[in-house]
Visitor: 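Can you keep this structure in mind? I'll have questions shortly.
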Amino acid sequence: MNWKEFKIDNKPFKWGQTFNDLFDLFERDNLNKTISSWKLHKVKSNGFLGLEAVSCEFYGPAYDKPISSISFELKPIQTGWLQKPHSPYMEQLESILGMPNGTHKNPLPKGKKYNEGYSSRYVTYAPHWWFGDFRIGLSVYGGIRNEEYGETAALLYIGWYNEIEMAKPYLSAFYNKETEFAKGLTVIANFELEYSQTKTFRRHYELADASIANKDDDIRAAQLALYYKDLFRTPKAISNEISPNQVSLMYSDHTKKYVLATKFDFILFDNASTIEFIKVLPAKGFGGTEFRIGEITLKDQPNSKALTDLKAKLETLELPVKLLEYQDD
């Protein structure tokens with residue numbers, strides 16, 4: 001089977017399509033309205049790979065960015081004599097996909113039976129297959145769940161794990177912005193935190209190395225181009241002058257915006273941006289201080305003098321800072 005493009009309910013799909021592309025094929029109902037920047041779009045579905053489904057859900061970072069995964073809520077299948085709940089699904093999938101590359105088994109806790117009580121909350125059987133950059137997985141529940149479109153007993157999903165390829169249409173613009181936004185910067189103040197700051201990157205626990213984007217700069221650039229709007233890699237000329245625990249506040253004459261830079265990342269912001277000073281109260285952890293500007297979060301020790309000074313400096317520049325508290329869970 002060609003995993004780069006296929007049909008979903010007799011409608012053509014190929015990786016690289018955005019939500020906006022899909023809206024021309026699928027209905028617009030059930031758009032995810034949460035505050036998450038990631039988008040979900042669920043539609044009714046007859047199924048996939050010979051398995052009947054009640055729904056299909058598309059998942060991705062933004063409406064104008066590519067879909068990164070698709071999942072199907074599968075209908076319950078009557079098991080045969082001595083069959084386990086996952087057996088009918090596996091028979092069908094193995095006839096098309098072959099033997100899985102790996103399987104995670106998680107039997108129900110002692111005393112619990114299939115489809116009794118809260119058993120349906122558990123995933124009891126989870127195989128997966130790799131086809132190049134595409135991962136297909138099955139999650140079989142410990143019982144039947146009542147979802148929006150009907151009863152479901154398993155989830156079939158497909159994910160695309162080549163972010164460099166996914167980001168190709170956006171990388172040129174990303175690199176141009178990264179270069180342009182780093183021009184004409186004037187340092188306003190530097191702040192020395194107690195904690196070292198880290199690179200912004202997205203982990204994928206399905207991969208052999210979940211943190212590969214932390215080591216591969218091309219993958220990290222692709223992630224920033226895909227998943228963020230105003231976050232970029234700090235240019236080497238600036239990065240070389242900043243230690244891991246330093247933060248530099250600058251002004252961009254080119255964009256007429258402020259810039260906050262760590263050794264690894266920089267972000268543009270103005271008085272319309274979300275700026276939050278957060279006191280993290282000790283609970284399970286020791287607490288701390290966080291400073292969030294748009295898509296970047298700085299973290300430091302409790303009652304951080306550096307972040308308190310940063311807050312005061314922004315306020316003198318008439319940039320609104322919201323004060324928050326939450327517990328260190």
Side-chain angles (χ1 to χ4, degrees), residues 34-38 61 177-178 181-182 185-203 211 213-214 220-221 223-225 227-329:
T34 68
I35 59 173
S36 170
S37 59
W38 285 73
K177 287 180 180 179
E178 195 174 59
F181 293 166
L185 296 179
T186 302
V187 176
I188 298 173
N190 293 317
F191 303 89
E192 187 122 358
L193 285 66
E194 294 299 321
Y195 294 172
S196 293
Q197 304 307 294
T198 57
K199 293 180 184 177
T200 299
F201 68 95
R202 182 175 173 83
R203 291 179 171 85
S211 303
N214 189 37
R220 195 169 91 90
Q223 289 188 347
L224 293 177
Y227 310 141
Y228 298 89
K229 292 182 179 179
D230 301 306
L231 193 61
F232 303 91
R233 299 169 302 172
T234 301
K236 288 184 179 180
I238 297 174
S239 177
N240 290 339
E241 300 297 320
I242 302 177
S243 69
N245 63 317
Q246 286 182 326
V247 176
S248 185
L249 176 64
M250 297 175 276
Y251 185 75
S252 167
D253 294 321
H254 180 69
T255 64
K256 306 304 179 186
K257 290 188 176 185
Y258 293 96
V259 170
L260 189 76
T262 69
K263 185 174 184 64
F264 310 106
D265 305 312
F266 78 92
I267 192 165
L268 280 73
F269 67 100
D270 55 24
N271 57 12
S273 303
T274 299
I275 306 175
E276 297 172 336
F277 180 88
I278 305 165
K279 184 177 182 180
V280 184
L281 304 174
K284 293 181 180 179
F286 295 104
T289 310
E290 295 183 2
F291 207 106
R292 188 175 301 142
I293 298 182
E295 298 167 319
I296 195 170
T297 299
L298 309 173
K299 296 185 178 183
D300 204 15
Q301 65 182 8
N303 303 312
S304 167
K305 181 180 184 304
L307 293 185
T308 301
D309 290 346
L310 173 59
K311 168 182 171 292
K313 188 62 179 179
L314 294 183
E315 289 173 336
T316 65
L317 297 171
E318 299 184 350
L319 292 162
V321 181
K322 185 176 182 181
L323 305 182
L324 299 174
E325 285 187 0
Y326 63 75
Q327 289 189 324
D328 189 356
D329 293 329

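Worth saying up front: this structure is predicted, and the values here are computed from it rather than measured.
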Visitor: Heavy atoms only: give me the nearest Phe191-Ala306 pair and the separation to one decimal.
Guide: CD2-O, 3.7 Å
Visitor: Check Asp309 with Lys313, please: is the shortest side-chain N to carboxylate O separation under 4.0 Å?
Guide: no
Visitor: Just how far is it from atom CD1 of Ile238 to atom CG of Leu185, taken to the nearest 0.5 Å?
Guide: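 Here the rounded value is 5.0 Å.
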Visitor: If you measure from OG1 on Thr198 to CG on Leu298, what distance do you get to the nearest 0.5 Å?
Guide: 10.0 Å
Visitor: Taking only residues at least two apart or on different chains, which pairs with a member in residues 190-200 satisfy salt bridge (charged side-chain N to carboxylate O under 4.0 Å, His left out)?
Guide: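 Sorted pair list comes back empty.
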Visitor: Give a yes or no on whether the backbone of Gln301 and the side-chain of Ser304 come within a donor-acceptor separation of less than 3.5 Å.
Guide: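 Checking the backbone N and O of Gln301 against the side chain of Ser304, no donor-acceptor pair under 3.5 Å is found.
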Visitor: Quick one: pull up CD1 in Ile275 and CZ in Arg292 and give me the separation to the nearest 0.5 Å.
Guide: 12.5 Å
Visitor: For Glu318 and Asn271: C-alpha separation, side-chain torsions, deciding distance, then whether side chain to side chain contact (heavy atoms under 4.5 Å, CB included) applies.
Guide: CA-CA 8 Å; Glu318 299 184 350; Asn271 57 12; over 6 Å; no
Visitor: Just list the side-chain donor-acceptor pairs under 3.5 Å for residues 319-326, sequence neighbours left out, or say none.
Guide:
{"unit_1": "Tyr326", "atom_1": "OH", "unit_2": "Glu290", "atom_2": "OE1", "d": "2.7"}
{"unit_1": "Tyr326", "atom_1": "OH", "unit_2": "Glu290", "atom_2": "OE2", "d": "3.1"}

Visitor: Carefully, step by step, assess Thr289 and Phe277 under the rule side chain to side chain contact (heavy atoms under 4.5 Å, CB included).
Guide: CA-CA 8 Å; Thr289 310; Phe277 180 88; 3.7 Å; yes
Visitor: Please check if atom NZ in Lys299 has more than 12 non-hydrogen atoms from other residues, nucleotides or ligands closer than 6.0 Å.
Guide: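 At most 12 heavy atoms, drawn from other residues, nucleotides or ligands, come within 6.0 Å of this atom.
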Visitor: Report the distance from atom CG of Asn245 to atom CG of Asp300, rounding to the nearest 0.5 Å.
Guide: 8.5 Å
Visitor: Which value, rounded to the nearest 0.5 Å, describes the distance between Tyr258 atom OH and Leu268 atom CG?
Guide: 12.5 Å
Visitor: Would you say NZ of Lys311 has more than 12 non-hydrogen atoms from neighbouring residues, nucleotides or ligands within 6.0 angstrom?
Guide: yes
Visitor: Go through Thr262 and Ile242 one step at a time and tell me if the side chain to side chain contact (heavy atoms under 4.5 Å, CB included) criterion holds.
Guide: CA-CA 7 Å; Thr262 69; Ile242 302 177; 5.8 Å; no
Visitor: Carefully, step by step, assess Thr308 and Asn303 under the rule side chain to side chain contact (heavy atoms under 4.5 Å, CB included).
Guide: CA-CA 8 Å; Thr308 301; Asn303 303 312; over 6 Å; no
Visitor: When you measure from the side chain of Ser252 to the backbone of Thr255, do you find a donor-acceptor pair of N or O atoms at a distance under 3.5 Å?
Guide: yes
Visitor: Indicate the atoms forming the closest heavy-atom contact of Ala261 with Thr234, along with that distance.
Guide: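 Minimum heavy-atom separation between Ala261 and Thr234: CB-OG1, 4.3 Å.
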Visitor: Would you compute the distance between atom CZ of Phe291 and atom CG of Leu310 and round it to the nearest 0.5 angstrom?
Guide: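 The distance works out to 4.0 Å.
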Visitor: Specify the closest pair of heavy atoms between Ala213 and Phe201, including all atoms of both residues, with the distance to one decimal.
Guide: CB-CB, 3.9 Å
Visitor: If we ignore hydrogens and angles and just use 3.5 Å, is the side chain of Gln223 paired with the main-chain N or O of Arg202 as donor and acceptor?
Guide: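 Present.
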Visitor: Give me the ring orientation class for His254 and Phe181: parallel if the planes are under 30° apart, tilted from 30 to 60°, perpendicular past 60°.
Guide: tilted
Visitor: Counting distance only, does the side-chain N/O of Glu178 pair as donor-acceptor with the main-chain N or O of Arg233 below 3.5 Å?
Guide: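 Confirmed, Glu178 side chain pairs with Arg233 backbone.
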Visitor: Donor-acceptor check, side chain of Gln246 to backbone of Pro244, threshold 3.5 angstrom: yes or no?
Guide: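 No: the side chain of Gln246 does not pair with the backbone of Pro244.
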Visitor: Under 3.5 Å, is there a donor-acceptor pair between the side chain of Ser239 and the main chain of Lys263?
Guide: yes
